[in-house]
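Positions are given from 1, in the same order as the sequence printed here. Whatever order the structure lists them in is the order used to number ligands and atoms, beginning at 1.
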Amino acid sequence: MASPRPVDLIRAKRDGHSVSADDLTALINAYTADDVPDYQMSAFLMAAFLKGLDADETAALTRAMLHSGTVLDLSHTPGTKVDKHSTGGVGDKVSLILAPIVAACGVPVPMISGRGLGHTGGTLDKLESIPDFRTDLSIAAYKQQLADLGLVLIGQTAEIAPADRKLYALRDVTGTVECIPLIAASIMSKKLAEGIDGLVLDVKCGRGAFMSSEADARRLAETLVSIGHEFGKATVARMTRMDAPLGRAVGNWPEMQESIQCLQGDVEGLDDLMTVTLALAGEMLWLGGEAASPEAGVAQAQEAIDSGAAFDTFARVVDAQGGDVTVVHDPAARAGMAPAGTVAAPATGYVQAIDAFAVGMTAVRMGAGRRVKEDPVDPTAGLVLHKKVGEAVAKGDPLATLYTARTEDIPAFSSAIGEAYTLADTAPPAPDMLLGRYTMEGWTD
Ligand code: URA
């Protein structure tokens, strides 16, 4: 039977009908082969965004995207291979810190990451902010490095879930990101294609996340874990807070610099970032069979930082992937990082909130992200927050330092960051970063 015309599938979804697994597979295959243009795929994505996809459609979409490319076999490396994926946040540099920790503790981490999406940053862009760091290794080199170092950090190759690679870039610029089935299929297709045995998901919830309500974040966590289960992979989701940027740095190199600092054990004032990082690392060590429980894994992860083993692993990986190791040992030496402006506190008080979405959007406008899919990113653009939620400020204190080459817009960037801050007379309670844990057994908090 002939494949349905894309316009018929767009109409069907627009009118709220289900699309069969065969039709979804045909659509995804045709789009991957460039036989369906972006404008028709955009219309289909928007129809799916507005009308939703049911569980069968979501599983079929995941399967079609997974099989749009190669599914890797990593059985040459002994051990349980575990990866982690975040649904996306602002200042979310957790993968950069956690991957070397987990590998240093003996669990192989074959990590394939994505680029920034919307107001959120992407691990791949952050890695590429290390001069000369290569994220485009061949599959053979990816497998070899995993066997040699227990950690490899690359981007999606043309072979791995190519459908997601195209769809991800298209969704970024068509307002179709914040959709549970599309996010779930996107994440799970590329993660399942990596050849992993287990997966830990960081499902972000709050103002700076694609899921701002707890109910939606819970539904996304449940969808992701059940897809993992359906494909036979041990999967755990942690729901974590994303109201304010995580840590103090936002932007590619600023975040890389902060991650290196954490790997060196300098974590003062970064409790939010380290709480999330250690919790997720603990889960990975538990799934990977190196820790008796996620809690025991947290202690082992901390030891890997304290002993320097995690930092050494990171430096070895940067070297193996062609990156400039001197900036790992001395991040301040990287060229191109000159402060472009400072944002001053308009009043005395305590930081009540920092709007992560507003900060993320401003960082994109400063050059740290993309407004259209062809935009290059400026690796050094971004900002560092000097005041975090709960901290006291005096009028005129620096709230943030800005890094951007778009100097003509600094007044606009400064006022956007100033407006992202809410100050109050009293300190708010410390935010609880860990909001829930979901496995096929259900939720625990
Ligand atoms: N992360 C992904 O990999 N895909 C999405 O769609 C959203 C976040």
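Counting only heavy atoms of the protein, atom 7 (C) of ligand 1 lies nearest to Leu117 CD2, 3.6 Å. Regarding atom 3 (O) of ligand 1, its nearest protein heavy-atom neighbour is Lys190 NZ, 2.7 Å. Of the protein's non-hydrogen atoms, His85 NE2, 3.5 Å is the one closest to atom 1 (N) of ligand 1. Summary of contacts: the protein heavy atom closest to atom 4 (N) of ligand 1 is Ser186 OG, 2.7 Å.
Counting only heavy atoms from C-beta outward, the side chains of Tyr142 and Leu72 approach each other to under 4.5 Å.
Within the listing of ligand 1, atoms 1 (N), 2 (C), 3 (O), 4 (N), 5 (C) sit less than 4.0 angstrom from a heavy atom of Tyr168. Atom numbering of ligand 1 starts at 1 in the shown order; those under 4.0 Å from a heavy atom of Arg171 are 5 (C), 6 (O).
The nearest pair of heavy atoms linking Leu137 to Thr157 is O-CG2, 3.8 Å.
Remark: the backbone N or O of Gly52 is paired with a side-chain donor or acceptor of Lys13 at under 3.5 angstrom.
Among Asp272, Ile97, Leu246, the single residue meeting the side-chain contact (heavy atoms from CB on, under 4.5 Å) criterion with Thr277 is Ile97.
For the pair Thr87 and ligand 1, the shortest N or O to N or O distance does not fall below 3.5 Å.
The distance from atom CZ of Arg165 to atom CE of Met65, rounded to the nearest 0.5 Å, is 13.0 Å.
For Arg171 and Glu178, the salt-bridge test fails: no basic side-chain N is under 4.0 Å from an acidic carboxylate O.
Heavy atoms of Val177 come nearer than 4.0 angstrom to ligand 1 in no pair at all.
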